[in-house]
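Here, residue 1 is the first one in the sequence, and each next residue gets the next number.
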Amino acid sequence: MSVQLAPPSLEVTELSRTVESIVFDTPVFDIHTHLYPATFQQLSLWGIDELVNYHYLIAETFRSAPITPEQFWGVSKIEQADIIWQTLFVRHTPVSEACRGVVKVLSSFGLDPNVPNLREARKFFAARSAEEHISDVMKRANVSDVVMTNDVFDPVESQLWLENTPVHEKYHAVLRMDPLLNDWPRAHSVLSERGYKAGAVIDQPTIESAKKFLDDWVNRMKPLYMAVSLPPSFGYPEDSPRAKLLTEVVLPVCRSYNLPFSMMIGVRKQVNPALKDAGDSLGHAETAVVERLCRDFPQNTFLVSMLSRENQHELCVAARKFNNLMPFGCWWFLNDASIVTEITDERLELLGTSFIPQHSDARILDQLVYKWDHSRRWIADSLARAYASLIRDGWKLTSDQIQRDVQRMFQDNFRQFAGLPAFESTQKREAR
Ligand code: RAT
Ligand code: ZN
C-alpha cells in the first residue's frame, strides 16, 4: 500500500522513519566483497579471530601498541587477535569506524563487547557451522546476493575453480585480474606456465593468448563482471603495456560476453610493506581517463569506484556525461560516516538515483552485519535530506516512490548493468 506522506510542517521525523525502514527492509545486492562460500574452505573467513584480524584494525593497532610489525607477524593469529583486542578495545576506546564495526557485530549476536578478552566470543563462534552462519548473517544484514572477488592469478583460488568447487547460489563470481594490467612481467609468465604462450612484448600472438586465457576463465567462472584495481597514475591513452592490454584484450573480451568492466582506481600499493595487507595507501587519480575510456569504448560498460575523496565530485560529473559509466560504492578509506554522507549527498544531487551507493568490501562474513547497518543509516540520512528538500519545493512524496528509489539503488542499477533480471521479477519467481 502506498502512503502519502504528511505535509512539510509535520514530515521530518515521519519522513526519516519511513526512509530508514524502507532502506533497512530492502535487500541489497552487495556488488563487491572479498567473501567466499564455505566450499572454498580456507578462503571462507568468519568468526571473531578473523574479524579482529581485519587489516583495517591491524593498521590502527600499530599506532597504539608497543609492538613492531615483525613481532606482530611472528605470533599466531589468535595471539594477534588478542593483541589487537587489548590495544584497540581494552586500553583505548574503540571509536574508529573499523573498531565500531566489531562492537556492532558482537552486540548483534548478543555478545557483550565490553569485555577484557575474546573468550566468550570464541565459544560462541566455535558452536556454529559455516553454512548455518552464512544464511544467518545474510539474513541479519539483509543482503540478497554477494559478489566475490575471484583472482585468476591466485594459485590457491584458481585450483578450486579448476576442481569445479560448487559455489553457493547467492555468491556470484567476478573475474579479477590485477597482475594482467599492473604487472605484465609476472602475468605473462603465469600465462605461459598455464599453457597460454605469452611474451614480454605484447605482439598479436600474445594478445590472442591473453584473450583466450580470459575467455576460458569467463566460461569457467561465469562472472558478473571483470575487475581490476589501479594506481592513481592510471592513464589512457598512453603507450604502455597496461593501455594495450586494456584496449586490445580486456575490453574486447568484456564486449564479447556483455560484461561490465569494474575499475577501482587510486590505490598506492605497499607504501609500507612491513604492514602487509594493511600497508596500502591512496592517491588522487585523473578522472578524465575514465571519461576518455567511456567515450572511446561506447559498447563497453564501466563500473567505477575511486579511492580518493578528491575524485568523487569529478566522478559524478563524468557519469552525467556517459551513461555507460556507473559510479559505485564508497571504497575502503572512504567508508566512514563523514565521507559516505558527503559522497551520497553529492551523488543524489548530481545523478538522482542512477548510481550504486555502496558495496561492503567485506573480507570476513560477519562484517556484512555492521557494514550494511552503518551504510544503511548513512544512506537513509542522505536520502531523507534529499526528500525533505523535494517536499519543501512542492513534491508530494509517497512511500512507493521511496521504495522504488531504494530498490533501484540497492538492486536494479547493478542488475541492469550486469544483464540480470530486475529485482521484482526475481522476487515473484521465488514466491512461486
Ligand atoms: O578494502 C580492502 O579490503 C582492500 O584491501 C582491497 O581489497 C580493495 O578493496 C580491493 O578490492 O582491491
Ligand atoms: Zn575490495
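The number of heavy-atom neighbours closer than 6.0 Å to CZ of Arg320, taken from other residues, nucleotides and ligands shown, is 12 or below. For CD of Gln416, the number of neighbouring non-hydrogen atoms (other residues, nucleotides, ligands) closer than 6.0 Å is 12 at most. Within a 6.0 Å radius of CZ in Arg63, other residues, nucleotides and ligands contribute 12 heavy atoms or fewer.
A salt bridge does not link Arg309 with Asp336: every distance from a Lys NZ or Arg NE/NH1/NH2 to an Asp or Glu carboxylate oxygen is 4.0 Å or more. We find that Glu50 and Arg363 are not joined by a salt bridge, their nearest charged nitrogen and carboxylate oxygen being 4.0 Å or further apart. Salt bridge Arg100/Glu97: present, at least one basic N to carboxylate O contact under 4.0 Å. With salt bridges taken as basic N to acidic carboxylate O contacts below 4.0 Å, one links Asp373 and Arg377. Salt-bridge annotation for Arg176 and Asp151: absent, with no side-chain N of the basic residue lying under 4.0 Å from a carboxylate O of the acidic one. Between Arg292 and Glu286 there is a salt bridge, with a side-chain nitrogen of the basic residue lying less than 4.0 Å from a carboxylate oxygen of the acidic one. Salt bridge Lys211/Asp215: absent, no basic N to carboxylate O contact under 4.0 Å. Taking a cutoff of 4.0 Å between a charged side-chain nitrogen and a carboxylate oxygen, Arg128 and Glu132 do not qualify as a salt bridge.
Distance OG1/Thr341 to CZ/Arg385: 6.5 Å, rounded to 0.5 Å. Gln159 contributes atom CD, which lies 8.5 Å from atom OG1 of Thr165 (distance to the nearest 0.5 angstrom). Separating the CZ atom in Arg119 from the CD1 atom in Ile48 is a distance of 14.0 Å, to the nearest 0.5 Å. Once rounded to the nearest 0.5 Å, the distance linking OG1 of Thr353 with CD1 of Ile402 reads 12.5 Å. Of the inter-residue distances, the one linking Leu224 atom CG with Leu175 atom CG reads 11.5 Å to the nearest 0.5 angstrom. Rounded to the nearest 0.5 angstrom, Trp372 CH2 and Asn142 CG are separated by 10.5 Å.
The minimum heavy-atom distance between Ala200 and Trp184, with the atom names listed, is O-NE1, 3.1 Å. Of all heavy-atom pairs spanning His92 and Thr87, the tightest one is CD2-O, 2.9 Å. Nearest approach of Gly329 to His359, heavy atoms of both residues: CA-ND1, 3.3 Å. Contact detail for Gln411 and Pro27: the closest heavy-atom pair is NE2-O, 3.0 Å. Taking every heavy atom of both residues into account, Tyr56 and Lys371 meet most closely at CE2-NZ, 4.2 Å. Counting all heavy atoms, side chain and backbone alike, Pro298 lies closest to Asn324 at CA-ND2, 3.7 Å.
Classification of the Phe72-Phe62 ring pair by plane angle, with boundaries at 30° and 60°, yields perpendicular. Relative orientation of the Trp85 and Phe89 rings is parallel, given thresholds of 30° and 60° on the angle between their planes.
For Glu310 and Ser308, the side-chain atoms include at least one donor-acceptor pair closer than 3.5 Å. Under 3.5 Å, the side chains of Gln367 and Asp361 contain no donor-acceptor pair of N or O atoms. The closest side-chain donor-acceptor pair between Tyr36 and Asn150, if any, does not fall under 3.5 angstrom. Counting only N and O atoms by type, the side chains of Glu157 and Trp161 include a donor and acceptor under 3.5 Å apart. The closest side-chain donor-acceptor pair between Asp216 and Tyr196 falls under 3.5 angstrom. Counted by atom type alone, Ser360 and Asp30 present one or more donor-acceptor pairs between their side chains at under 3.5 Å.
Side-chain atoms of Asp412 never come within 3.5 Å of backbone atoms of Arg415 as a donor-acceptor pair (strictly under, hydrogens ignored). Checked by atom type and distance alone, the side chain of Asn311 never pairs as donor or acceptor with a backbone atom of Met306 at under 3.5 Å. In this structure, Thr426 contributes its side chain and Phe423 its backbone to a donor-acceptor pair below 3.5 Å. Using modelled atom types, no side-chain atom of Asp145 and backbone atom of Phe29 make a donor-acceptor pair closer than 3.5 Å. A donor-acceptor pair is defined here as one N or O able to donate and one able to accept, closer than 3.5 Å; such a pair exists between the side chain of Lys222 and the backbone of Asn219. Arg376 places a side-chain N or O within 3.5 Å of a backbone atom of Val23 that can act as its donor or acceptor partner. Side-chain atoms of Asn413 never come within 3.5 Å of backbone atoms of Ile356 as a donor-acceptor pair (strictly under, hydrogens ignored). Although no hydrogens or angles enter the test, the distance criterion places a donor-acceptor pair under 3.5 Å between the side chain of Thr39 and the main chain of Pro166. With hydrogens and angles ignored, the 3.5 Å screen pairs a side-chain donor or acceptor of Thr33 with a backbone N or O of Val147. The main-chain N or O of Lys197 is found under 3.5 Å from a side-chain atom of Ser209 such that the two form a donor-acceptor pair.
Residues Lys269 and Ser229 form a side-chain contact, since some pair of their non-hydrogen atoms from C-beta on lies under 4.5 Å apart. Here the side chains of Phe153 and Arg186 are in contact, with some heavy-atom distance below 4.5 Å. Taking the side chain as every heavy atom from C-beta outward, Phe410 and Gln358 never approach each other to under 4.5 Å. Under the 4.5 Å side-chain criterion, counting only non-hydrogen atoms from C-beta, Asp178 is not in contact with Asp183. Side-chain contact between Arg242 and Leu230 is present, with heavy atoms from C-beta onward closer than 4.5 Å. Two residues are said to be in side-chain contact when any heavy atoms from C-beta on lie closer than 4.5 Å; Ile58 and Trp73 meet this criterion. Proximity of His168 to Val146: side-chain heavy atoms (C-beta onward) are nowhere separated by under 4.5 Å. Between Asn182 and Pro231 there is a side-chain heavy-atom pair separated by less than 4.5 Å.
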Run the numbers on Phe417 and Phe328 for side chain to side chain contact (heavy atoms under 4.5 Å, CB included), then give the verdict. CA-CA 12 Å; Phe417 235 60; Phe328 77 93; over 6 Å; no

Between Thr206 and Val201, does the side chain to side chain contact (heavy atoms under 4.5 Å, CB included) criterion hold? Intermediate values first, please. CA-CA 8 Å; Thr206 292; Val201 176; over 6 Å; no

Give the C-alpha distance, both sets of side-chain angles, the deciding distance and a yes or no for side chain to side chain contact (heavy atoms under 4.5 Å, CB included) between Phe234 and Leu246. CA-CA 11 Å; Phe234 171 47; Leu246 175 63; 4.0 Å; yes

Passes side chain to side chain contact (heavy atoms under 4.5 Å, CB included), Val156 versus Gln42? Steps please. CA-CA 10 Å; Val156 176; Gln42 74 271 35; 3.5 Å; yes

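Taking the six-membered ring where the residue is Trp, the centroids of Phe109 and His133 are separated by under 6.0 Å. Between Phe302 and Phe322, the gap from one ring centroid to the other reaches at least 6.0 Å.
Here Ser76 pairs with Ile78, Glu79 under the side chain to side chain contact (heavy atoms under 4.5 Å, CB included) rule; sequence neighbours left out.
None of Gln407, Gln403, Arg404 except one satisfies the side-chain contact (heavy atoms from CB on, under 4.5 Å) rule with Ile22; the exception is Gln403. Applying the side-chain contact (heavy atoms from CB on, under 4.5 Å) test between Met263 and each of Leu181, Val304, Val289 identifies Val304 as the sole match.
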